There are 2 protein chains.
Amino acid sequence: MPTTRSYRDACPIARALDLIGERWALLVVRELLFGAQRFSDLSRALPGASTNMLTDRLRELEAHGVVRRRVLPPPAACSVYELTDRGRELEPLLNALGEWGSAEPRSASSSLTATSVLLFLRGSARAHHSSPTDTYRLQLGDRVWTVSTESGQLEIKAEDPAAPAASLRTDPETLNALLLDPDGLDTAIAAGAVHIEGRLSSLRRLLRVAT
Amino acid sequence: MPTTRSYRDACPIARALDLIGERWALLVVRELLFGAQRFSDLSRALPGASTNMLTDRLRELEAHGVVRRRVLPPPAACSVYELTDRGRELEPLLNALGEWGSAEPRSASSSLTATSVLLFLRGSARAHHSSPTDTYRLQLGDRVWTVSTESGQLEIKAEDPAAPAASLRTDPETLNALLLDPDGLDTAIAAGAVHIEGRLSSLRRLLRVAT
DNA sequence: CCGCATCCGTTTCGATACTG
DNA sequence: CAGTATCGAAACGGATGCGG
């Protein structure tokens, strides 16, 4: 059953927390930043969240106008959750949260999620605009993203690209390491930690956006 | 007993939420933005939070380096809680949260807290720099602040001023209304909702920073 | 009074199992 | 796949107590 408790405080900060302050709520929003996701995608992306928790949060976020549930037309015939405009306005907040949190040491028992690394990738590209227009296919674990560079911006969407110039398949930890040290790419490929298709030189350039 | 649960996610957003994502944590930080507060001050400022909850949150925030407990030297002989440097770095986050939350309609059953109105006052002054250097005493309910204007900035501290140019005593709701409509000051004084001392013209100027 | 600690009922969380 | 059902554990919220 969805949570209804409130701080009963007219302060805008408290009002915001009434909507997105419950446990897992902002992490659900984080997962939806790169596009619509199915229930099972969210569940796999947030392994610590139980399914009934996810149901509750999605219902609450939907009731609060942050998330929208959409039933895809046939033949897909499945439903997805996506951010509303109001939900997308949370992005500066998530950036501020991430900036503050990145100063905290990383605990050994924590794992790196795909979305987290992609947020880092996109954030890094903002500062650094040097890449030509290109589209890549990026696969982390069993999830796939489209990464496209255009005029220094880097756009990431949670969908399979139509005609990628190159493809990279790895796991979040390895990608994170490669963003911090792009020179490790050949070693990672040799070790089987990274699988690529298409032009290696394009992928090399992509990985350098963070350095 | 303080909370120890964690998202176990290396994402900076999740790491931040591990530290300041528990219920009431960010509202405690909000209350400390204008200076050190005693336990009982915090308790009165956050009427919805039970005392054991407050104890837990303060212990956690202290353990995480966000808040510091300091024992005042005699003759005060009491302890106060204040933000550390790390805690003060949460201010942009709270601003982002407040900005997002202010788009949400205010529920009828919510009350306006003093700190909330003061954040609005200070935030309004940022945009609008037109005030001369002055120090005011502001009393809302039974709590007292020092408000000082200098070169377009407005500084607010949770302490009694030494030599205020003027004093204003009212409640959060009335102050909020006056910031939205400074022309209501005379009516509010006549109605006994506002008590002033010192130069009325200075106070009039102070109230106009938000318009 | 202040600063908690303790007790206790309720809500929420988290894990697992199960269903259409 | 997309959730519900169930249940124990933890967190929350309110009240009371207690030493300084």
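Naming convention: chains lettered A, B, ... in sequence-line order (proteins, then strands); numbering from 1 in each chain. No experiment lies behind these values; they were computed from the predicted model shown.
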Figure out the [atom1]/[atom2] separation between [X] and [N], and round it to whole Å.
{"X": "A:L54", "N": "D:dA5", "atom1": "CG", "atom2": "C1'", "answer": "17 Å"}
{"X": "B:L72", "N": "C:dC2", "atom1": "CG", "atom2": "P", "answer": "14 Å"}
{"X": "B:N52", "N": "C:dG3", "atom1": "CG", "atom2": "C1'", "answer": "13 Å"}
{"X": "B:D56", "N": "D:dG13", "atom1": "CG", "atom2": "C1'", "answer": "12 Å"}
{"X": "B:Y81", "N": "C:dC2", "atom1": "OH", "atom2": "P", "answer": "14 Å"}
{"X": "B:E22", "N": "D:dA11", "atom1": "CD", "atom2": "P", "answer": "7 Å"}
{"X": "A:E60", "N": "D:dG3", "atom1": "CD", "atom2": "P", "answer": "15 Å"}
{"X": "A:Q37", "N": "D:dA2", "atom1": "CD", "atom2": "P", "answer": "11 Å"}

Whether [X] contacts [N] is assessed here as follows: a side-chain N or O lying under 4.0 Å from the phosphate OP1 or OP2. Is that the case?
{"X": "B:Y7", "N": "C:dG14", "value": "no"}
{"X": "A:R23", "N": "D:dA11", "value": "no"}
{"X": "B:W24", "N": "D:dA11", "value": "no"}
{"X": "A:R59", "N": "D:dT4", "value": "yes"}
{"X": "A:R57", "N": "C:dC13", "value": "yes"}

### Query
Quick one: does A:T3 reach the base of C:dT11 with a side-chain donor-acceptor pair under 3.5 Å?
no
For [X] and [Y], does a side-chain donor sit closer than 3.5 Å to a side-chain acceptor?
{"X": "A:S6", "Y": "A:R15", "value": "no"}
{"X": "B:R30", "Y": "B:T115", "value": "no"}
{"X": "A:S109", "Y": "B:R8", "value": "yes"}

### Task
Look at atom CD of B:Q139 and say whether more than 12 heavy atoms of other residues, nucleotides or ligands are closer to it than 6.0 Å.
yes
### Query
Is A:S79 touching bases, backbone alone, or none of the nucleic acid, heavy atoms closer than 4.0 Å?
sugar-phosphate
### Task
Quick one: label A:T55 by what it contacts on the DNA or RNA (base, sugar-phosphate, nothing), any heavy atom closer than 4.0 Å.
base
#### Entry: Along DNA chain D (nearest heavy atom to each residue), the more 5'-positioned of A:R44 and B:M53
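Closer to the 5' end of DNA chain D: A:R44.
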Minimum-distance nucleotide to [X] side chain [options: [options]]:
{"X": "A:R69", "options": "D:dA2, D:dA11, C:dC4", "answer": "D:dA2"}
{"X": "B:R5", "options": "C:dC13, C:dT16, C:dC4", "answer": "C:dC13"}
{"X": "A:S40", "options": "D:dG14, C:dG3, D:dA2", "answer": "D:dA2"}
{"X": "A:F39", "options": "D:dA2, C:dC13, D:dT16", "answer": "D:dA2"}

#### Entry: Salt bridge present between B:E91 and B:R122 (N-O < 4.0 angstrom)
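Looking at B:E91 and B:R122, the cut-off is met.
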### Task
Salt-bridge test for B:R204 and B:D186: reply yes if a basic N is under 4.0 Å from a carboxylate O, no otherwise.
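Yes, B:R204 and B:D186 are salt-bridged.
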